[in-house]
There are 2 protein chains.
Amino acid sequence: MNQPEHLKNAGLKSTLPRLKVLSLFESGQARHMSAEEVYKLLLSTGDDVGLATVYRVLTQFEQAGLLVRHNFEGGKSVFELDQGTHHDHIVCLQCGHVEEFFDADIEARQENAAAERGFTIRDHSLSIYADCAKTDCPNKTRSENR
Amino acid sequence: MNQPEHLKNAGLKSTLPRLKVLSLFESGQARHMSAEEVYKLLLSTGDDVGLATVYRVLTQFEQAGLLVRHNFEGGKSVFELDQGTHHDHIVCLQCGHVEEFFDADIEARQENAAAERGFTIRDHSLSIYADCAKTDCPNKTRSENR
DNA sequence: TCGCAAATGAGAACGATTATCATTCGCACT
DNA sequence: AGTGCGAATGATAATCGTTCTCATTTGCGA
């Protein structure tokens, strides 16, 4: 609840931009956001924060374990609040909608695969790209990238 | 074996640059290559091909189903010959070495996860980022990105 | 309240990739 | 084999996401 403390605990001094970014994520407005999206959302609220700062803050939050970074297709990083519970993603290619899922078996088998080959897992990402069934989907935002 | 035919079948006219790129992948010299790597390897053989063309050709080959594109961490796309057999990747964060693996169970469970949520899978990517155990690894190429 | 290191913001710089556009090439048709 | 034309190429400019630079501002302990 107390954001300044979250930052303190993460070893970051509580500055205005950091508080704004953190609040935005905690507001639940959007669970997954790119740097650009965070930047624009803050602008639209009158909370001006430089784009460079947004990038810096997001990276710091990632390192501090407050946020998780995802590299979905399309070249841009997307961040989400770290709720401690790992999960994978299904991304709708039409509307960009992201849904989360978790499958313990898949997780376990990944561990195996790596271990069997003498690797020490540092990180892993499983993303499913699909078309979602929502009736209002294909008409929405449509990220016509690439 | 006959490359011009491969291209024909893919609906691409067989030009010099396309043949060179295709040969490079079929030579087995390196299974996973980025556009930059393809470009440099061709240069080093005296087979001059413009960088822009390399990018174009790689994209066309991907769309034609000759190559598969992977978006690993680090921002650059990596391509590999499509052998028809889908597989996932373990990427060594130290030396960039890529190893492939396949787990039918994981695949099946992904299908489930998507279907259960009303998604139609278009594509999916599972990448494990790890440190490999090779003794000569951490000392090698080292992509000190980010 | 002061002072200073740390953080910020504007804009330059960067790396990967794509677009532009004049020149060249593959190939179907004589 | 020779021609013609549309597609393909290559040099370069442009774009996109992101990081860097550096002068200015801010948080916070003394």
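Order of the sequence lines fixes the chain letters, A, B, ..., with proteins taken first and strands second; residue numbering starts at 1 for each chain.
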**Q** So, is B:Y55 near the phosphate of C:dT18, with a side-chain N or O under 4.0 Å from OP1 or OP2?
**A** no
**Q** Does B:T15 put a side-chain nitrogen or oxygen below 4.0 Å from OP1 or OP2 of C:dG26?
**A** no
**Q** Using a distance-only criterion (donor-acceptor N/O pair, under 3.5 Å, no hydrogens), is the base of D:dG10 paired with the side chain of B:R56?
**A** yes
**Q** For the pair A:R31 and A:E100, find out whether any cationic side-chain nitrogen is under 4.0 Å from an anionic carboxylate oxygen.
**A** yes
**Q** Name the residue closer to the 5' end of DNA chain C, choosing between B:E36 and B:L16 according to the nucleotide with the nearest heavy atom.
**A** B:E36
**Q** Can you check whether B:I90 reaches B:V98 side chain to side chain, under 4.5 Å on heavy atoms?
**A** no
**Q** Measure the acute angle between the ring planes of B:H70 and B:H87, then classify it against the limits of 30° and 60° as parallel, tilted or perpendicular.
**A** tilted
**Q** What is the distance, to the nearest angstrom, from the CG atom on B:D48 to the P atom on C:dT23?
**A** 21 Å
**Q** Judged by each residue's nearest nucleotide on DNA chain C, which is more toward the 5′ side, A:K13 or B:L51?
**A** A:K13
**Q** Side-chain N or O of B:S77 less than 4.0 angstrom from OP1 or OP2 on C:dT17?
**A** yes
**Q** Whole angstroms only, please: what is the CG-C1' distance between A:N71 and D:dG17?
**A** 12 Å
**Q** Select base, sugar-phosphate, or nothing to describe what B:S34 touches, counting heavy atoms under 4.0 Å on all strands.
**A** nothing
**Q** CE of A:M33 versus P of D:dT18: gap in Å, rounded?
**A** 14 Å
**Q** Classify the ring geometry of A:H32 against A:H89: parallel below 30°, tilted from 30° to 60°, perpendicular beyond 60°.
**A** perpendicular
**Q** Among the candidates C:dT17, C:dC27, C:dG9, find the nucleotide nearest to the side-chain atoms of A:V49.
**A** C:dG9
**Q** Hey, is the side chain of B:R18 poking within less than 4.0 Å of OP1 or OP2 on C:dG26, counting only N and O atoms?
**A** no
**Q** Whole Å only: how far is the CZ atom of A:F61 from the P atom of C:dA7?
**A** 12 Å
**Q** Find the distance A:Y39:OH to D:dT19:P and express it as a whole number of Å.
**A** 16 Å
**Q** What's the closest nucleotide to the side chain of B:A52 if the choices are C:dT8, D:dT19, D:dA11?
**A** D:dA11
**Q** Measure the distance from CD on B:E73 to C1' on C:dG15 and round it to the nearest whole Å.
**A** 17 Å
**Q** From D:dC20, D:dT9, C:dT8, pick the nucleotide closest to the side chain of A:V57?
**A** C:dT8
**Q** Send over the distance from A:L19 CG to D:dG27 C1', rounded to a whole Å.
**A** 11 Å
**Q** Rounding to a whole Å, what distance do you find between A:Q60:CD and D:dT18:P?
**A** 16 Å
**Q** Roughly how far apart are B:E116 CD and A:F101 CZ, rounded to 0.5 Å?
**A** 10.0 Å
